[in-house]
Novice: 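Right, I'll just put the structure down here and ask away after.
Counting from 1, the numbers follow the sequence of the chain as shown.
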Amino acid sequence: MITRDEISILLDHPVYDGDGNKIGDAKHVFLDDASGRPEWVTVKTGMFGSSESFVPMRDAALVKDHLEVPYRKDKVKGAPNVDIDAGGHLSVDEEQRLYEYYGINWDSVLTDPGEHDRGTGTGTADTGTAGAAGAAGAAGAAARPGGAAGTPGAAGSAGHRAEARTGPRDDAMTRSEERMHVGVERRETGRARLRKYVVTEEVQQTVPVRHEEVRVEREPITEANRGEAMEGPEISEAEHEVTLHEERPVVTTETVPVERVRMTTEEKSEDTTVRGSVRKERIEAETEMDEESGRRGRDVPGKGRE
């Protein structure tokens, strides 16, 4: 259990989960109004510490220069949203909602023996709570303005938690605002594929072909061919045969590579306008005057509103 003396050590120091992952930095500690012991710590999480989550301190441990809590980072970041600036206290409903979120039985919180052991020693819940609250107020370690001073009325509930502060009291308000941070994510939009299949086409090509035809040539008998003509019997029958030829087209096919086809991706950039809503705090100054002056001031220029 973290003690009040260790609060100044853990503030603005890292907070880790049980797996050794950094959750964020401790920013505020809330004390139990009755016992005065630290009950809750707020942790700045998110990008640039843009959000603040409540974490119970009952099972937390201070290890060297950081705080360890038995809850995973995503569990802490998803904790119910509580207005930290709402008077410096957690209401009973807010605290019960947080305990239920972290799986802590609310009845065990109300009957925690540690609540009574830190009292004045009277042995009763109401007396011990009020006494411890008075001690916490006298020590000056508890609350924002209007915080721990009203603890006796809440003693029976054991539900109000006042924010712990170290050092002198600061009367200034902190004005905060949300800022939008836009990132990008890569997601799948579709798929493309190459598919090869076979088709049959009719092609036509003209090629020259040759063939032989019979032509009968006659020549008169001359002195030059008389010898050949007079060979053989004078009168006889005879045959002479000639073989004819022609060309015919012959079709064959061969497979040849003609091109290489591949798919590649190309990135294109374009500007997209992103719109969102952010919340901002505004601070107003309001002055109340007594009846004699008869004046009431609000939003003094240069002093009241940012």
Side-chain angles (χ1 to χ4, degrees), residues 10-30 40-56 66-67 69 71-91 93-103 144-145 163 170-196 260-286 297-306:
L10 63 90
L11 288 178
D12 295 321
H13 281 71
V15 178
Y16 288 80
D17 62 14
D19 297 329
N21 302 312
K22 182 180 178 181
I23 302 174
D25 294 326
K27 287 300 178 182
H28 302 91
V29 172
F30 282 69
W40 297 93
V41 60
T42 64
V43 183
K44 283 282 189 179
T45 62
M47 186 177 295
F48 306 112
S50 56
S51 60
E52 198 164 350
S53 300
F54 276 79
V55 185
H66 67 270
L67 185 69
V69 295
Y71 305 103
R72 296 178 62 87
K73 182 176 181 178
D74 53 355
K75 181 72 173 179
V76 174
K77 293 179 68 175
N81 186 33
V82 175
D83 186 3
I84 298 176
D85 291 323
H89 276 86
L90 287 177
S91 69
D93 292 338
E94 289 173 334
E95 190 171 27
Q96 184 173 2
R97 184 157 54 101
L98 285 168
Y99 273 127
E100 289 177 353
Y101 174 78
Y102 284 103
R144 300 185 176 190
E163 179 191 346
D170 185 3
D171 292 330
M173 286 185 178
T174 299
R175 187 181 70 85
S176 302
E177 66 181 27
E178 294 178 339
R179 295 188 178 179
M180 187 171 69
H181 302 280
V182 180
V184 296
E185 65 174 357
R186 191 177 183 90
R187 64 185 184 90
E188 183 178 303
T189 57
R191 298 195 178 192
R193 64 176 61 87
L194 286 177
R195 183 170 63 90
K196 184 170 71 172
R260 296 281 290 168
V261 180
R262 66 172 55 88
M263 286 197 308
T264 60
T265 60
E266 183 179 15
E267 288 190 353
K268 300 288 186 180
S269 296
E270 60 184 13
D271 294 331
T272 300
T273 301
V274 180
R275 292 181 173 86
S277 298
V278 296
R279 298 176 302 169
K280 296 183 178 181
E281 295 176 341
R282 291 290 185 260
I283 297 177
E284 296 179 348
E286 185 173 302
R298 182 181 178 88
D299 293 344
V300 179
K303 296 182 180 180
R305 173 178 292 182
E306 293 187 16

Novice: Would you say that H28 contacts E52 through its side chain, given a criterion of any heavy-atom pair below 4.5 Å between the two side chains?
Specialist: yes
Novice: Work out which heavy atom in V278 is nearest to a heavy atom in R179; give both atom names and the distance.
Specialist: CG1-C, 4.2 Å
Novice: Atom CG in N81, atom CG in L98: separation rounded to 0.5 Å?
Specialist: 9.5 Å
Novice: Rounded to the nearest 0.5 Å, what separates atom NZ in K75 from atom OH in Y101?
Specialist: 4.5 Å
Novice: For the side chain of K77 and the backbone of S53, is there at least one donor-acceptor N/O pair under 3.5 Å apart?
Specialist: no
Novice: Could you walk me through whether E95 and W40 pass the side-chain contact (heavy atoms from CB on, under 4.5 Å) test, one step at a time?
Specialist: CA-CA 9 Å; E95 190 171 27; W40 297 93; 3.0 Å; yes
Novice: Measuring from R175:CZ to K280:NZ, what's the distance to the nearest 0.5 Å?
Specialist: 7.5 Å
Novice: What distance do R187 atom CZ and E185 atom CD have between them, rounded to the nearest 0.5 Å?
Specialist: 7.5 Å
Novice: With side chains defined as the heavy atoms from C-beta onward, is the minimum distance between V29 and V41 less than 4.5 Å?
Specialist: yes
Novice: Any side-chain heavy-atom pair from K27 and L11 closer than 4.5 angstrom?
Specialist: no
Novice: Is the shortest side-chain N to carboxylate O distance from E178 to R279 below 4.0 Å?
Specialist: yes
Novice: Hey, does the side chain of Y99 reach the backbone of P56 with a donor-acceptor pair shorter than 3.5 angstrom?
Specialist: no
Novice: Answer yes or no: is there a donor N or O on one side and an acceptor on the other, between the side chain of D17 and the main chain of D19, under 3.5 Å?
Specialist: yes
Novice: Calculate, to the nearest 0.5 Å, the distance between atoms CG and CZ belonging to N21 and R72 respectively.
Specialist: 7.0 Å
Novice: Considering non-hydrogen atoms only, spot the tightest contact between R97 and P80 and give its length.
Specialist: NH1-CB, 3.2 Å
Novice: Over all heavy atoms of both residues, which pair between I23 and Y16 is shortest? Give the atoms and the distance, please.
Specialist: CD1-C, 4.0 Å
